[in-house]
Amino acid sequence: MKAIIVSEFGNEDVLRFRDAPLPEPGENEVRVRLKAAGVNPVETYIRSGSYFMSPSLPFTPGNDGAGVVDKPGPGVKRLKEGQRVFVAATLARRNTGTYAEYAVCDADAVQPLPDAVTFPQGAGLGTPGLAAAYALFSRASVKPGETVLINGATGGVGTLAVQLARRAGAVVYGTAGSPEGAALLERIGANRVFNHKEEGYLDRVREASGNGPDVIIEMLANINLAKDLGAIARHGRIVVVGSRGSLDFSPRDAMMKNAAIHGIMINFMRHREFVENMYRLSAALDTGLQVIVDRELPLERAAEAHKRIAREGKAGKIVLTVGS
């Protein structure tokens, strides 16, 4: 089979399109013939060698993909050969990498893909979908009728969080940095959209929601967390999904709101939560969850995909298409 192989850590040039051995599934594992693979920012950190978890060299990157079941391993009853599926192998005990024509991972990391969902859309679901569901439900415990602010909502995690929160009965506010981003959030169901480039936008969020949002899903905590504590409702919950540095803030701001601050990293999700959220995503796909794909590139152009994903301002996912 063809695959992207990384034999040394470094810049995008270490992503090489090469021949690789076909992996065999073991007990409770599945081999998927991939049609598309999702590209996530974390994969650029892993490729560079700067991530806190480094795989053994050589390796094939990628946790997310979509395709058809090629070979169920011993003990797999739920998934059948030829079945359309999506893959989210972040917590898989074994993951041979989805930047490839075939990948093997745990059966728990594979879910059916409805006929109405394209393979590129399915490939864009896993990591951002798990992050969105984990933040909203496992950490923030969002309830119907609560107000949820997705701060930085136009990326892969944010667009899915907007839709999942609406499905849970929440009133959903999103922030965007462009008219195009705002139109996208309105189209996928945000009740209100605010421009996070405008001074005082969190004041307007607080005014619109009455006492402030009950939950804030924060994509850039090093810039926004202190301001979030000023906007959040009393007894509110802030979930930090992303941060690109440190900050100085007074813990008293959290004390004054009786606010909880949760950090998430889906690598450390409990296995039970992983399985629950995989089924939650599968059910949401059946009821029209939209995965926003920004750009599709062929597998052999993985280096270009990594360059593109490092740039800000993307609305949705970059996906690698595999084969014909």
Side-chain angles (χ1 to χ4, degrees), residues 86 88 111 113-114 116-118 121-122 124-196 201-202 204-219 224 228 231-233 236-242 262 264 266 273 276-294 314-317:
F86 72 92
Q111 284 285 343
L113 185 71
V117 182
T118 68
Q121 288 173 324
L125 180 61
T127 295
L130 283 172
Y134 186 44
L136 288 167
F137 307 114
S138 302
R139 304 302 284 159
S141 300
V142 168
K143 303 294 190 298
E146 290 189 315
T147 299
V148 177
L149 169 66
I150 316 297
N151 203 5
T154 58
V157 177
T159 53
L160 293 169
V162 166
Q163 297 174 76
L164 291 171
R166 277 299 303 270
R167 280 170 164 74
V171 176
V172 181
Y173 296 166
T175 73
S178 69
E180 295 78 13
L184 168 64
L185 298 184
E186 290 173 353
R187 178 165 61 82
I188 63 175
N191 297 95
R192 294 281 301 273
V193 179
F194 300 84
N195 187 337
H196 56 229
Y201 76 94
L202 284 173
R204 290 187 282 281
V205 169
R206 187 175 60 250
E207 292 166 3
S209 58
N211 296 318
D214 301 290
V215 172
I216 297 177
I217 307 298
E218 180 54 65
M219 307 298 174
N224 298 322
D228 291 342
I232 194 80
R237 294 91 73 199
I238 299 171
V239 183
V240 176
V241 175
H262 301 280
I264 69 162
I266 61 173
E273 294 170 326
E276 288 173 354
N277 286 315
M278 283 293 288
Y279 277 99
R280 181 176 278 120
L281 293 176
S282 182
L285 281 179
D286 285 335
T287 58
L289 181 73
Q290 298 180 55
V291 181
I292 308 301
V293 176
D294 177 74
K314 293 296 178 188
K317 292 288 297 180

| request: Tell me, please, which residues at least two apart from Ala170 pass side-chain contact (heavy atoms from CB on, under 4.5 Å). | output: Val142, Val148, Ala165, Val172
| message | Ala231: which residues meet the side-chain contact (heavy atoms from CB on, under 4.5 Å) condition with it, sequence neighbours left out? | response | Leu202, Arg206
Is it true that a side-chain atom of [X] and a backbone atom of [Y] form a donor plus acceptor pair closer than 3.5 Å?
| X | Y | value |
| --- | --- | --- |
| Glu186 | Val193 | no |
| Arg139 | His262 | no |
| Thr175 | Gly152 | yes |

By the ring pair (Phe, Tyr, Trp, His ring centres under 6.0 Å) test, which pairs, at least two apart or in different chains, include something from [range]?
| range | value |
| --- | --- |
| residues 145-164 | none |
| residues 124-165 | none |
| residues 162-191 | Tyr173-Phe194 |

Considering all heavy atoms of both residues, which atom of [X] and which atom of [Y] are nearest to each other, and what is their separation?
| X | Y | result |
| --- | --- | --- |
| Ala88 | Met278 | CB-SD, 3.6 Å |
| Leu164 | Gly129 | CD1-O, 4.4 Å |
| Arg167 | Leu289 | NH2-N, 3.1 Å |
| Ala161 | Ile150 | CB-CD1, 3.8 Å |
| Arg237 | Ser141 | NH2-O, 3.4 Å |
| Pro213 | Ile232 | O-CD1, 3.2 Å |

Euclidean distance, [Y] [atom2] relative to [X] [atom1], rounded to 0.5 Å:
| X | Y | atom1 | atom2 | result |
| --- | --- | --- | --- | --- |
| Gln111 | Arg280 | CD | CZ | 12.5 Å |
| Leu160 | Thr127 | CG | OG1 | 11.0 Å |
| Asn151 | Tyr201 | CG | OH | 3.5 Å |
| Arg166 | Asn191 | CZ | CG | 4.5 Å |
| Leu185 | Gln163 | CG | CD | 10.0 Å |
| Ile216 | Asp228 | CD1 | CG | 4.0 Å |

| said: For the CG atom on Asp286, are there more than 12 heavy atoms of other groups (residues, nucleotides or ligands in this structure) within a distance under 6.0 Å? | reply: yes
| field | Minimum side-chain heavy-atom gap Leu125-Lys317 below 4.5 Å | value | no
| query | Can you find a heavy atom in the side chain of Leu136 that is under 4.5 Å from one in the side chain of Ile217? | reply | yes
| said: Just to verify, what does Arg192 make a salt bridge (Lys or Arg N to Asp or Glu O under 4.0 Å) with, not counting sequence neighbours? | reply: none
